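Nothing here was measured: the structure is a model prediction, and the numbers come from that model.
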Amino acid sequence: MERPMTALYRYSLATTLHSQRYVAPMVFFLGLLAVLTSGDSGPLLGVYPAAAGALLACATWVAASVVNVQEPVGRAVLVVNARRSRDVLIADIAVSATLCSGMTVVGLFYPILTGSHVVTWQAVGIGALAELTCACVGIGLGLLCSRLVIGRPGYSVVVGLGLVLAVVLAKPLPPVYPMLFALNSGRTPTELFLPFLGYTATGLCVLAATAAAAQYLATRTD
């Protein structure tokens with residue numbers, strides 16, 4: 001017998017794929033990569049800030065799209081069948097993470113294939129940590145501007161853009177700005193490894209905190 005969480009994940013993934021709402025952010029991500037990283041011949045770590053920043057914005061879009069696939073009535077029925085709204089949200093986060101994992105792989109290797117770089121596995125590993133961090137933060141931001149929290153699509157777009165710009169440009173706010181700055185600092189991948197593990201852990205904490213906030217606000221609204 002299939003486990004309830006597995007069934008919820010499969011249902012959310014199937015619904016998302018059928019809706020095709022994931023296509024626009026993923027195409028936008030590919031467009032940003034093509035514009036920002038194609039033909040670059042500098043250090044490999046120097047192109048990963050562009051890829052990670054693009055992933056941050058598109059992960060926000062993807063997460064909001066995944067949550068918003070279900071209309072309010074349909075989501076209410078799904079919550080009743082699942083018995084816990086938290087499980088439905090966790091399934092949506094898992095689907096968002098699956099889609100963002102695909103973009104992360106593309107973001108890691110597209111600059112290598114289209115540019116001229118000295119490639120080391122250490123540099124690719126640092127890029128992976130940077131993009132995973134931005135994916136976690138982006139998914140969290142997407143939850144906060146989804147229909148669970150903001151009912152009007154126009155307001156949701158404005159809030160989403162504001163949140164993405166805030167985490168990218170706010171210098172004292174970890175983990176995104178200091179992480180992207182560190183990629184262009186000239187430090188070696190070995191020197192960056194431990195700080196970037198910390199940034200990734202912070203990104204996971206941001207995702208957990210925003211998921212809890214979205215769940216709380218959604219419950220209050222209901």
Side-chain angles (χ1 to χ4, degrees), residues 9-10 12-40 44-69 89-115 117 119 121 123-146 156-157 160-161 163-165 167-168 175-177 179-180 183 196-197 199-204 206-208 210-211 214:
Y9 171 80
R10 288 166 58 89
S12 180
L13 179 62
T15 305
T16 300
L17 294 178
H18 179 72
S19 73
Q20 298 187 348
R21 292 191 181 186
Y22 65 94
V23 173
M26 297 186 95
V27 170
F28 184 60
F29 176 70
L30 292 175
L32 288 176
L33 280 183
V35 171
L36 298 175
T37 68
S38 293
D40 189 274
L44 182 58
L45 288 180
V47 300
Y48 282 142
L55 182 56
L56 171 70
C58 294
T60 302
W61 190 352
V62 163
S65 298
V66 169
V67 174
N68 292 346
V69 163
L89 181 60
I90 291 173
D92 288 340
I93 293 172
V95 170
S96 301
T98 301
L99 297 174
C100 289
S101 297
M103 290 193 290
T104 298
V105 173
V106 175
L108 283 176
F109 293 104
Y110 179 86
I112 296 174
L113 296 175
T114 60
H117 305 283
V119 180
W121 287 112
V124 174
I126 293 298
L129 289 175
E131 294 191 24
L132 288 173
T133 302
C134 285
C136 289
V137 175
I139 292 172
L141 299 183
L143 298 179
L144 293 181
C145 57
S146 69
S156 175
V157 172
L161 288 173
L163 290 173
V164 170
L165 290 175
V167 298
V168 170
V176 176
Y177 178 89
M179 181 186 67
L180 298 183
L183 286 170
F196 271 62
L197 283 180
Y199 293 140
T200 303
T202 305
L204 290 169
V206 170
L207 175 56
T210 51

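Looking at residues two or more places apart in sequence or on another chain, you find a side chain to side chain contact (heavy atoms under 4.5 Å, CB included) between A34 and S38, Y110.
To the nearest 0.5 Å, the span separating CG on L161 from CH2 on W61 amounts to 10.0 Å. Atom SG of C58 sits about 8.5 Å away from atom CG of L33, to the nearest 0.5 Å. The structure places CG of L165 at 9.5 Å from CG of L56, a figure rounded to the nearest 0.5 Å. If you take CD1 on I90 and OG on S12, they are separated by 12.0 Å, rounding to the nearest 0.5 Å. A distance of 7.0 Å separates OG1 of T37 from NE2 of H117, quoted to the nearest 0.5 Å. Remark: L99 CG to T104 OG1 distance equals 10.5 Å, nearest 0.5 Å.
Nearest heavy atoms, A211 versus L89: O-CD2, 3.6 Å. Closest of all the heavy-atom pairs between L45 and A123 is CD2-O, 3.7 Å. Here the shortest heavy-atom pairing between A64 and S146 reads CA-CB, 4.2 Å. The two residues T210 and L207 have their closest heavy-atom pair at OG1-O, 3.0 Å. Smallest separation of non-hydrogen atoms from P175 and V206: CD-CG2, 4.4 Å.
Side chains of M103 and V62 form a contact here, defined as non-hydrogen atoms less than 4.5 Å apart. Y199 is not listed as a side-chain neighbour of L180, based on a closest heavy-atom distance of 4.5 Å or more.
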Counting only pairs under 3.5 Å, give me each side-chain donor-acceptor contact of residues 124-143, with atom names and distances, residues two or more places apart or in other chains.
unit_1, atom_1, unit_2, atom_2, d
T133, OG1, L129, O, 2.7
T133, OG1, T200, N, 3.4
T133, OG1, T200, OG1, 3.0

Give every donor-acceptor pair under 3.5 Å between a side-chain atom in residues 18-30 and any protein atom, sequence neighbours left out.
unit_1, atom_1, unit_2, atom_2, d
S19, OG, T16, O, 2.8
S19, OG, R21, N, 3.3
R21, NH1, N68, O, 2.9

- [ ] For side-chain contact (heavy atoms from CB on, under 4.5 Å), just list the numbers for Y48 and L55, CA-CA rounded to whole Å, side-chain angles, deciding distance to a tenth of an Å, and then say yes or no.
- [x] CA-CA 10 Å; Y48 282 142; L55 182 56; over 6 Å; no
